[in-house]
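Below is one structure; the comments refer to it alone.
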Amino acid sequence: MPVIIGFEGSANKIGVGIVRDGEVLSNPRRTYVTPPGQGFLPGDTARHHRSCILAVLREALQEAGLNPQDIDAVAFTKGPGMGAPLVTVAIVARTVAQLWGKPLLGVNHCVGHIEMGRLVTGAQNPTVLYVSGGNTQVIAYSEHRYRIFGETIDIAVGNCLDRFARVLKISNDPSPGYNIEQMAKKGQKLVELPYTVKGMDVSFSGILSHIEEVAHKMLAVGECTPEDLCFSLQETVFAMLVEITERAMAHTGSQEALIVGGVGCNERLQEMMGIMCKERGAKLFATDERFCIDNGAMIAQAGWEMFQSGQITALEDSWITQRYRTDEVEVTWRD
């Protein structure tokens, strides 16, 4: 039973996870939180990761009750993500692999989310809605690839929510998306916003521009509350996501839907997807914040699958890339 350690740090989370034969032995992480109204810059985020990655590594080993000699391979996020944070984590992973004399496994971040979701929920062959701060894709597996059926043509849904949080100066602790979700639960009025679905693809930049422009005017005259705006934005963008996911399920004949990525924690999105699946006689799978938010265990799990199928990343190929599409990965571990 191979034991794989995984390093994740493609955005503002730094995590180290250890997986053995489908069992998560440890999964500590830290989050870089910026003041309200601000996003996180690559350089600052990388400095945060450098300051705590060794402490997180020690914590992961101690929590799992393992020593370096017990590890069989070292997995790390190869991409996609923010350049400086990715480099920071890759350097540590490469160093550790050489110090411990272990093989390297360069993992696609998106595939990590999918494999973690499949492991935790037991979903067999789902249509996947992958929604996070940097990615929005509808994915289904076919012939050793995770095929992208639809995606955002501009910004990710999580980025749309995060940037709206900055407009209202909503706290980034624990995350802007979580705080928008809590405020949306108190919303009473649905404000009409642009709804942009283009075939199987979605667009969020226009919605964001519109709500950025009208938010303060509407709030100033008492036309709506901040909670109403959070509610309206969620309802609109989630409806778009449910629509393209249902269309992909109809095309593939799938009876399973799996939500992965940080935005997948949102209970309203899960509720809307659940209604759609129930109407189709399909089953919805989702995870909680332990595994849908970026974490080291998901990289370890995808690395475990790669290792079992004989995929190893040579040291000279262990570079990182900010652009690494889900469908570029050959999924050798599935039929």
Side-chain angles (χ1 to χ4, degrees), residues 3-20 22-34 40 42 44-66 68 71 73-97 102 104-117 119-120 130 132-135 158 172-175 177-178 260-265 287-306 320 324:
V3 179
I4 310 297
I5 190 166
F7 291 83
E8 156 59 26
S10 59
N12 69 327
K13 312 285 190 305
I14 178 73
V16 180
I18 300 176
V19 169
R20 178 176 58 206
E23 181 188 359
V24 178
L25 302 180
S26 62
N27 197 22
R29 76 175 159 224
R30 303 280 189 278
T31 303
Y32 174 51
V33 178
T34 55
F40 49 92
D44 297 337
T45 308
R47 273 189 287 277
H48 167 267
H49 291 2
R50 284 197 296 272
S51 72
C52 60
I53 188 167
L54 296 182
V56 179
L57 171 57
R58 277 193 294 270
E59 190 178 326
L61 288 168
Q62 288 168 2
E63 196 179 312
L66 298 175
I71 304 297
V74 177
F76 70 98
T77 304
K78 188 179 176 72
M82 300 171 78
L86 281 171
V87 167
T88 298
V89 174
I91 288 171
V92 173
R94 281 196 291 260
T95 304
V96 162
K102 309 295 181 182
L104 271 170
L105 303 161
V107 173
N108 179 290
H109 179 85
C110 316
V111 172
H113 274 296
I114 296 170
E115 293 306 335
M116 197 74 223
L119 171 69
V120 172
Y130 171 33
S132 69
N135 299 277
N172 291 323
D173 189 12
S175 73
Y178 174 81
V260 300
V263 181
C265 299
T287 62
D288 59 29
E289 72 282 350
R290 291 173 300 163
F291 301 118
C292 64
I293 295 171
D294 291 352
N295 63 91
M298 73 183 205
I299 302 303
Q301 174 60 20
W304 185 89
E305 297 281 12
M306 291 170 64
I320 60 96
Y324 188 11

Report the distance from atom [atom1] of [X] to atom [atom2] of [Y], rounding to the nearest 0.5 Å.
| X | Y | atom1 | atom2 | result |
| --- | --- | --- | --- | --- |
| Tyr324 | Asn108 | OH | CG | 5.0 Å |
| Ile293 | Thr287 | CD1 | OG1 | 9.0 Å |
| Met306 | Ile299 | CE | CD1 | 10.0 Å |
| Ile18 | Ile71 | CD1 | CD1 | 4.5 Å |

Self-check item: Identified side chain to side chain contact (heavy atoms under 4.5 Å, CB included) counterpart of Val92 within the set Val96, Thr95, Val89
Solution: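 Single pass found, and it is Val96.
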Exercise. Check each of Gln301, Arg290, Glu289, Arg29 against Asn295 using the side chain to side chain contact (heavy atoms under 4.5 Å, CB included) test, and report the only one that passes.
Key: Arg29
Quiz item: Would Met298 and Ile114 count as a side chain to side chain contact (heavy atoms under 4.5 Å, CB included) if you check the C-alpha gap in whole Å, the side-chain angles of each, and the deciding distance to 0.1 Å?
Solution: CA-CA 8 Å; Met298 73 183 205; Ile114 296 170; over 6 Å; no
Quiz item: Taking atom types as modelled and ignoring hydrogens, do the side chains of Tyr130 and Asn135 form a donor-acceptor contact shorter than 3.5 angstrom?
Solution: yes
Shortest non-hydrogen contact between [X] and [Y], atoms and distance:
| X | Y | answer |
| --- | --- | --- |
| Glu63 | Pro28 | OE1-CD, 4.2 Å |
| Gly9 | Pro85 | O-CB, 3.1 Å |
| Ala75 | Ala300 | CB-CA, 4.4 Å |
| Gly83 | Ile320 | O-CD1, 4.0 Å |
| Leu25 | Ala64 | CB-CB, 3.7 Å |
| Cys292 | Gly264 | SG-C, 4.4 Å |

Quiz item: Can you find a pair of side-chain heavy atoms, one from Val16 and one from Glu59, that are under 4.5 Å apart?
Solution: no
Quiz item: Does the side chain of Thr31 come within less than 4.5 Å of Pro174's, by heavy atoms?
Solution: no
Quiz item: Can you check side chain to side chain contact (heavy atoms under 4.5 Å, CB included) on Val74 and Phe7, steps first, answer last?
Solution: CA-CA 8 Å; Val74 177; Phe7 291 83; 3.7 Å; yes
Exercise. Could you list the residues that satisfy side chain to side chain contact (heavy atoms under 4.5 Å, CB included) with Val24, not counting sequence neighbours?
Key: Val19, Asn27, Met116, Phe291, Ala297
Exercise. Please indicate whether Tyr178 has more than 12 foreign heavy atoms, meaning atoms of other residues, nucleotides or ligands, lying under 6.0 Å from its OH.
Key: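 For Tyr178, atom OH is not crowded (no more than 12 foreign heavy atoms under 6.0 Å).
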Exercise. Return each pair, listed once, that meets side chain to side chain donor-acceptor pair (under 3.5 Å) where at least one residue sits in residues 3-18; pairs must be two or more places apart or across chains.
Key: Glu8-Ser10, Glu8-Thr77, Glu8-His109, Ser10-His109
Self-check item: Heavy-atom donor-acceptor pair, Ser26 side chain to Ala60 backbone, under 3.5 Å
Solution: yes
Could you give the side-chain donor-acceptor pairs of residues 46-58 under 3.5 Å, partners two or more places apart or in another chain?
from, atom 1, to, atom 2, distance (Å)
Arg47, NH2, Asp44, OD1, 2.5
His49, ND1, Thr45, O, 3.3
His49, NE2, Ala11, O, 2.8
Ser51, OG, His48, O, 2.6

